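Notes to accompany the following structure.
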There are 2 protein chains.
Amino acid sequence: MLCFDVYSLNLAFGRAYKPLLEPLGLTYPQYLVLLTLWAEDRQSVGRIGAALGLDSSTLTPLLKRLEAAGVLRRHRDDQDERRVLVSLTEAGRVLQQRAEAVPATMAEATGMTLAEMRQMHQALTRLRQALRDGGMGGAGGGDPCA
Amino acid sequence: MLCFDVYSLNLAFGRAYKPLLEPLGLTYPQYLVLLTLWAEDRQSVGRIGAALGLDSSTLTPLLKRLEAAGVLRRHRDDQDERRVLVSLTEAGRVLQQRAEAVPATMAEATGMTLAEMRQMHQALTRLRQALRDGGMGGAGGGDPCA
DNA sequence: CCAAGATAGATCGCGCGCGATGCAATCGCA
DNA sequence: TGCGATTGCATCGCGCGCGATCTATCTTGG
């Protein structure tokens, strides 16, 4: 039932984030996009999509909403007019300050130790790799999912 | 970054399931609903929602689509006319046969042993409980999520 | 230099996920 | 018994997530 565990846990994370992000006027995917921009400003749409595993068909409307909210700016790359670069505005950087407490608050909500979180992070990452690499990886047991 | 791990892994699961479920004409949430009905037929909308953590506003349209596809039937409960009971049709049970190989195929794709899957199942379930119970549970470490 | 192919985004349609709201049936309590 | 409160489901609007398709730009081979 791993698939359902992940499905349900993802919904639970979304609900846990909502009270923290709603005051900031952000949805959870929008917050993830901003996290990547706070880590590195002025990225192309494709680069953000590669970081989050999302398509331009998902990101373009999301980025337009964030632009309309005033937290970022979209502009064509002069070097390659196909690309669209995304840059934070001053409001976007202010938002970073206001969101500073979010990660620690969520960490608390998990009720896990740092060591547990690290271990789970590795396990989840390995599993994602296995699924992404077309399946059939390792030992493979019985019947985990239904 | 646990939040992102789960988010991204959930998307990865959805993509891994797609080639298995598309031939059956099912989406991943529809498959989850059918799993609960295959386990116990003739459940109310609310009961299915409780099992999956979903609201009637999500389930009602989904169930109507499955009904239109002919795999289940929705009808008022005679005992309590507020309730809507959901029952499998013969086509729904045939679909169960056709989906028989799905769990094992997904198990293989994870590349994990049965023991690993069991352990991760427990860890994910505990984490979901912690989030659902309003946070602040255990030791709580540093900064796992951004 | 120019046409064919590749690449980056944008657009569209559909199916969730969910908060807010509405409505009918049932329950509870005087 | 009657009437307000609760329950169970449906509806609506919005924001993803993604396959399919389109357009504009860049790249490459002749």
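Keep in mind that this is a model prediction, so the values were computed, not measured. Chain identifiers are assigned alphabetically (A, B, ...) following the order of the sequence lines, protein sequences preceding nucleic acid strands; residue numbering begins at 1 within each chain.
By the 4.5 Å heavy-atom criterion applied to side chains, R132(A) and S8(B) are counted as neighbours. In this structure, L26(B) and L95(B) have side chains that are in contact, with non-hydrogen atoms separated by less than 4.5 Å. Within the 4.5 Å cutoff, no side-chain heavy atoms of L34(B) are placed close to those of Q96(B). Side-chain contact between L2(B) and M112(A) is present, with at least one heavy-atom pair separated by less than 4.5 Å. When side chains are defined from C-beta on, V86(A) does not count as touching Q43(A), because their heavy atoms never get closer than 4.5 Å. Between L9(B) and V6(B) the shortest side-chain heavy-atom distance does not fall below 4.5 Å. By the 4.5 Å heavy-atom criterion applied to side chains, L62(A) and P29(A) are counted as neighbours.
Regarding L59(A), its CG atom lies at a distance of 10 Å from the C1' atom of dG9(C), rounded to whole Å. Rounded to an integer number of Å, the gap from CG of D78(B) to C1' of dA25(C) is 14 Å. Between H75(A) atom NE2 and dG9(C) atom P there is a gap of 12 Å when expressed in whole angstrom units. If you take CD of E22(B) and C1' of dG19(D), they are 9 Å apart, rounded to a whole angstrom. Atom CG of D55(B) is separated from atom P of dC12(D) by 16 Å (rounded to the nearest Å). Between the CG atom of L21(B) and the P atom of dC18(D) there is a distance of 15 Å, rounded to whole Å. Per the geometry, OH belonging to Y17(A) stands 19 Å off C1' belonging to dC18(C), to the nearest Å. Protein atom CG of L54(B) is 6 Å distant from nucleotide atom P of dC18(C), rounded to whole Å.
When the C1' atoms of four end pairs are superposed on the next four at each end of the helix from dC1(C)-dG30(D) to dA30(C)-dT1(D), using five pairs per end, the two resulting axes differ in direction by 10°, to 10°.
When atom types are taken as modelled, the side chain of W38(B) and the backbone of L88(B) share no donor-acceptor pair closer than 3.5 angstrom. Panel note: side chain T89(B), backbone V71(B); a donor-acceptor pair is recorded below 3.5 Å. Side-chain N or O atoms of S56(B) include none that pairs as donor or acceptor with a backbone N or O of L59(B) at under 3.5 Å.
Nearest nucleotide to the D80(A) side chain, out of dT25(D), dG19(C), dA10(D): dT25(D). Closest contact between the side chain of R82(B) and the listed nucleotides dC16(D), dT26(C), dT25(D) involves dT26(C). Side-chain proximity of P29(A) to the nucleotides dG9(C), dG17(D), dC12(D) is greatest for dG17(D). Closest to the side chain of L62(A), out of dC18(C), dC16(D), dT11(C), is dC16(D).
A sub-4.0 Å separation between OP1 or OP2 of dG17(C) and a side-chain N or O of Y7(A) is present. Dashed line: the shortest gap from a side-chain N or O of Q30(A) to OP1 or OP2 of dC16(D) is under 4.0 Å. Residue T58(B) places no side-chain N or O under 4.0 Å from the OP1 or OP2 atom of dG17(C). Here T27(B) reaches the OP1 or OP2 of dC16(C): one of its side-chain N or O atoms lies under 4.0 Å away. For R83(B) and dG8(D), the shortest distance from a side-chain N or O to OP1 or OP2 is below 4.0 Å.
On a pure distance criterion of 3.5 Å, a polar donor-acceptor pair joins the side chain of S56(A) and the base of dA10(C). Counting atom types as modelled, S57(A) pairs a side-chain N or O with a base atom of dG19(D) as donor and acceptor under 3.5 Å.
Of the options F13(A), Y28(A), Y31(A), a ring-ring contact (aromatic ring centres under 6.0 Å, His included) to Y7(B) is made by Y28(A) and by none of the others.
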In sequence, state the C-alpha distance, the side-chain angles, and the governing distance for R93(B) and E90(B), and then conclude on salt bridge (Lys or Arg N to Asp or Glu O under 4.0 Å). CA-CA 5 Å; R93(B) 276 182 288 271; E90(B) 193 48 40; 3.6 Å; yes

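Within residues 63-74 of chain A, the residues having any heavy atom under 4.0 Å from DNA chain D are, by residue number, R65(A). Using a 4.0 Å cutoff on non-hydrogen atoms, the parts of residues 43-53 of chain B near DNA chain D are S44(B), V45(B), G46(B), ordered by number.
For R42(B), the CZ atom is loosely surrounded, since the number of other residues' heavy atoms within 6.0 Å does not exceed 12.
Of the two residues near DNA chain C, R76(A) and A12(A), the one whose nearest nucleotide lies more 5' is R76(A).
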